[in-house]
K.L.:
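One structure follows; several queries about it will come next.
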There are 2 protein chains.
Amino acid sequence: MDGFVSIVREKAEGKGGYEGVVAYLREQLLSGELKTGDCLLPERELSARLGVSRQVLREALRALAMIGAVEIRHGVGTIVSRPDVSTLGEFFTFALAQQSEVIDDIMEARIAIEHHAIRLACRRAGQADFDRLAERLYDIVETIRDPEAGGHADFRFHEALVQAGGSPTLISLYSSIASLMMRSHLDRREQIIQVEGIREFLIDHHRKIFEAIVARDAGVADELLTRHFEIGADFRRRAGFRSAAANLRNSAAETNIIQGEQNADRDR
Amino acid sequence: MDGFVSIVREKAEGKGGYEGVVAYLREQLLSGELKTGDCLLPERELSARLGVSRQVLREALRALAMIGAVEIRHGVGTIVSRPDVSTLGEFFTFALAQQSEVIDDIMEARIAIEHHAIRLACRRAGQADFDRLAERLYDIVETIRDPEAGGHADFRFHEALVQAGGSPTLISLYSSIASLMMRSHLDRREQIIQVEGIREFLIDHHRKIFEAIVARDAGVADELLTRHFEIGADFRRRAGFRSAAANLRNSAAETNIIQGEQNADRDR
DNA sequence: ATGATACCAGTGGTCATACCACGGTTAGAT
DNA sequence: ATCTAACCGTGGTATGACCACTGGTATCAT
């Protein structure tokens with residue numbers, strides 16, 4: 001009945017289009033008129049009430065769904081939900097991905113998270129966490145000769161470690177940066193796994209870490225993890241001598257010979 | 001019939017609808033094929049290329065724009081951008097409106113980052129880092145009686161600490177996370193600052209941390225930071241109660257003899 | 001030649017309509 | 001009473017048209 005009037009009024013208030021819809025929904029969410037679990041009006045009705053097309057409303061809903069403010073369920077409706085830290089993971093994934101020049105530096109974030117998580121784990125971890133860690137440890141042993149599956153099992157163990165810390169934020173951050181590292185680290189493992197004695201080290205060291213967590217000895221666990229990363233980095237460096245094409249190009253910009261190879265590569 | 005076949009084919013290729021578009025763009029962004037500043041194809045062309053309608057593509061772009069992965073500019077195009085902190089503010093607003101225990105957990109991420117950063121700082125920090133830390137320390141002393149400016153100075157000191165670690169990833173993560181916590185911590189500081197002796201503690205403790213970094217003593221620095229957060233959390237919990245004063249004296253006393261007592265810490 | 005102005009092509013922004021796909025409900029068959 | 005199938009309301013997608021903004025270009029007056 002007041003469709004025309006409301007449109008004019010909303011325009012006058014600067015609430016036109018997409019921005020207006022987002023502003024309106026934000027207002028509803030923040031003021032508490034829409035609580036978690038509430039169901040929004042159907043898209044068709046809501047779009048009509050706001051005086052915008054259904055498409056624009058949908059764009060706004062998708063945007064809000066991306067940050068976890070609402071959940072859109074096909075065939076059911078749009079439900080107000082509480083943003084959790086997993087949406088932060090999405091954010092950091094994109095944020096870090098654009099810092100391409102320092103992809104290796106992301107390892108520092110991983111170390112930081114794991115170190116704190118293992119401390120927390122020694123305090124908080126429960127039986128379920130121990131079981132999961134034991135299972136992942138078993139997977140490491142089983143896949144020790146397969147570069148790809150082994151690398152995956154390795155990651156899964158550390159993931160379980162962070163999980164045992166019980167901090168949703170750390171878990172979310174870790175999984176997001178882990179996906180970034182997998183790209184560059186998984187392929188190196190094929191070389192790493194060739195190094196003499198590496199398999200025994202991997203199995204033994206992961207087992208020691210596991211035992212330290214079970215013993216709830218934060219000091220030992222922390223120390224083990226420190227060495228774990230140091231040795232891991234060392235192995236990666238050593239293995240790098242075989243196929244260090246990428247590393248060479250980075251550090252040898254002053255060499256004409258290398259420069260020539262680069263050009264040849266690029267021209268081809 | 002043909003319609004059915006084409007639908008099946010697209011599904012089989014994993015490029016179905018909205019989710020498929022987001023997945024495609026995510027892949028492009030994370031793999032580095034799309035770098036910051038790049039301009040996406042026009043909506044009409046890109047939607048045609050992906051085999052979806054323009055509306056669906058727009059929903060995906062709006063969603064990515066919400067988390068800051070891209071920037072949509074009317075009359076110009078869609079540009080790849082790097083998510084910044086302001087994006088997180090948006091998320092945080094919604095998260096806070098529904099439930100607030102998320103904040104406390106984010107503190108775990110901050111602790112993790114600072115701990116690793118201070119270790120790195122003890123190895124990597126240069127004169128510029130020392131200078132910056134000294135400057136921020138001076139600011140803490142200067143603003144010790146102003147809750148707002150004091151809280152800001154506190155944050156800036158810790159920021160300089162992480163900066164001294166020299167890891168761009170840690171710096172990026174930290175600045176995002178820290179700004180999130182500022183909201184909830186600043187207001188509490190007004191109470192905290194009232195506690196008897198808190199000012200001396202803040203100045204003294206930050207100074208000790210600074211000295212540990214200059215001395216490049218990672219062990220002491222790490223231990224100091226652990227105490228710093230424990231005491232800080234303790235004060236925040238007891239912000240309303242004046243009984244925290246006594247606890248302060250104990251904690252402050254411990255910090256003075258920490259070097260001779262590193263092993264007798266928190267084994268319950 | 002120079003500056004300001006008007007124009008135009010390309011881009012995102014919005015709208016309307018039609019139809020498809022999924023989930024929960026309900027009426028029917030067994 | 002139970003299971004099955006049709007149904008309805010919801011979100012999901014497609015198409016085509018048109019509007020609004022931006023940036024560059026051509027034109028004009030100085």
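Computed over heavy atoms, backbone and side chain alike; hydrogens, waters and symmetry mates excluded. Just so it is clear: chains get the letters A, B, ... in the order the sequence lines come, proteins before strands, and each one is counted from 1.
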K.L.:
Just to verify, what does B:His152 make a ring-ring contact (aromatic ring centres under 6.0 Å, His included) with, not counting sequence neighbours?
P.N.:
none
K.L.:
Can you pull every protein N or O that's under 3.5 Å from an N or O on nucleotides 5-9 of chain C?
P.N.:
none

K.L.:
What nucleotide among D:dG11, C:dT14, C:dG13 has an atom nearest to a side-chain atom of B:Ile72?
P.N.:
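From the listed options, C:dG13 comes nearest.
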K.L.:
What residues form a ring-ring contact (aromatic ring centres under 6.0 Å, His included) with A:Phe155, not counting sequence neighbours?
P.N.:
none
K.L.:
Quick test: give all pairs of protein nitrogen or oxygen and nucleotides 7-10 of chain D nitrogen or oxygen below 3.5 Å, distance rounded to 0.1 Å.
P.N.:
unit_1	atom_1	unit_2	atom_2	d
D:dG9	N2	A:Gly75	O	3.2

K.L.:
Could you check whether B:Asp139 pairs with B:Arg136 (Lys NZ or Arg NE/NH1/NH2 to Asp/Glu carboxylate O, under 4.0 Å)?
P.N.:
no
K.L.:
Between A:Arg156 and A:Glu142, does any NZ, NE, NH1 or NH2 come within less than 4.0 Å of an OD or OE carboxylate oxygen?
P.N.:
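No, A:Glu142 and A:Arg156 are not salt-bridged.
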K.L.:
Pull out every stem in DNA chain C, meaning runs of 3 or more consecutive Watson-Crick or G-U wobble pairs with both distances under 3.5 Å.
P.N.:
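In DNA chain C, stems of three or more pairs: C:1-30 with D:1-30.
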K.L.:
Determine, for B:Arg26 against A:Glu90, whether the closest basic-nitrogen to carboxylate-oxygen distance falls under 4.0 angstrom.
P.N.:
yes
K.L.:
Any side-chain heavy atom of A:His115 within less than 4.5 Å of one from B:His115?
P.N.:
no
K.L.:
Is B:Arg62 close enough and on-axis enough to A:Tyr18, meaning under 6.0 Å and within 45°, for cation-pi?
P.N.:
yes
K.L.:
Indicate whether the side chain of A:Glu159 and that of A:Tyr174 have a donor and an acceptor atom separated by less than 3.5 Å.
P.N.:
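On atom types as modelled, these side chains do not qualify, holding no pair under 3.5 Å.
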K.L.:
Would you state whether a donor and an acceptor, one from the side chain of A:Arg54 and one from the base of D:dG12, lie under 3.5 Å apart?
P.N.:
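Flag set: donor-acceptor pair detected.
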K.L.:
Just list the side-chain donor-acceptor pairs under 3.5 Å for residues 70-79 of chain A, sequence neighbours left out, or say none.
P.N.:
none

